[in-house]
Amino acid sequence: EAGVVQSPRYKIIEKKQPVAFWCNPISGHNTLYWYLQNLGQGPELLIRYENEEAVDDSQLPKDRFSAERLKGVDSTLKIQPAELGDSAVYLCASSLGQDEAFFGQGTRLTVV
Amino acid sequence: GENVEQHPSTLSVQEGDSAVIKCTYSDSASNYFPWYKQELGKGPQLIIDIRSNVGEKKDQRIAVTLNKTAKHFSLHITETQPEDSAVYFCAASKASSYKLIFGSGTRLLVRP
């Protein structure tokens, strides 16, 4: 069975440009998470979905970040406009409720 | 707020020796404690987890212990091998939010 799939793996953009990341969770997992991981630190939650509903987006910078999970399966995370400080790894994870969360490989974003 | 402290930040051991990583959590409502291994350029991989109704869990060379009273949990790796070298993260979550609060990570180096 395929794990959590993210794309792209790497993205380099100029500041003020938009960028989008895509995540395909493990089949049947109703809970989907987007985490942000800065260099040398542990992941931090940006947003959590239960099916298609965003149930925790308290740490998502809503002035520039947005996310959606159409039909409760795939999800996209968008940044517009990107800032230099957004350079980080964006991780997607999925789980069945509070069961084990499985992470994708992540998207490494570099804003120049 | 919710916090997980992890130490040491770096750990170097000789192949065959044991390694111990310790974490302390702040939220007494936390009931789920996973450990993740992250290799360079990859997403975190779940290696073992424990729930609050269990004091200890073992899987081959890896074991986790939980002391709910002290709000401590630890990862024990015995007979370490060079392929155990990676960054290890502890995390904690509670049933009301599913949000994983990660520690700051331990970089483990196993010297051949």
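Lettering of chains follows the sequences in order, A, B, ..., and the numbering in each one begins at 1. Small disclaimer: the values here were computed from a predicted structure and weren't measured. Side chains included, hydrogens not; waters and symmetry mates left out as well; all remaining heavy atoms used.
- At a 4.5 Å heavy-atom cutoff, the contact between A/Gln41 and chain B is made by backbone atoms alone.
- Taking the six-membered ring where the residue is Trp, the centroids of A/Phe21 and A/Tyr90 are separated by under 6.0 Å.
- Under the 3.5 Å distance criterion, the side-chain polar atoms of A/Thr31 are left unmatched by any main-chain donor or acceptor of A/Glu50.
- By number of non-hydrogen pairs under 4.5 angstrom with chain A, the leading residue of B/Ala95, B/Gly105, B/Cys90 is B/Ala95.
- Residue A/Gln37 touches chain B through its side chain alone, counting heavy-atom pairs closer than 4.5 Å.
- Looking at B/Gln38, only its side chain comes within 4.5 Å of chain A, counting heavy atoms on both sides.
- No side-chain N or O of A/Thr110 forms a donor-acceptor pair with one of A/Tyr10 less than 3.5 Å apart.
- When B/Lys99, B/Lys42, B/Arg107 are compared by the number of non-hydrogen pairs under 4.5 Å with chain A, B/Lys99 comes out ahead.
- Per-residue heavy-atom pair counts under 4.5 Å with chain A were compared for B/Val87, B/Asn31, B/Val4, and the maximum is reached by B/Asn31.
- There is no contact between A/Ala93 and chain B, counting heavy-atom distances below 4.5 Å.
- Between the side chains of A/Thr107 and A/Arg9, not a single donor N or O lies within less than 3.5 Å of an accepting N or O.
- When each of B/Asp49, B/Ile101, B/Leu100 is scored by its heavy-atom pairs under 4.5 Å with chain A, the top score falls to B/Leu100.
- If you tally non-hydrogen atom pairs under 4.5 Å between each of A/Leu45, A/Val4, A/Asp56 and chain B, the highest count goes to A/Leu45.
- Counting heavy-atom pairs closer than 4.5 Å to chain A, the top residue among B/Pro44, B/Ser93, B/Gly41, B/Ser104 is B/Pro44.
- With respect to the salt-bridge test (charged N to carboxylate O, under 4.0 angstrom), the residues A/Asp86 and A/Arg64 qualify.
- Atom CD of A/Glu52 is surrounded by more than 12 heavy atoms from other residues, nucleotides or ligands within 6.0 Å.
- Side chain of A/Gln105 to backbone of A/Gln6: no donor-acceptor contact under 3.5 angstrom is found.
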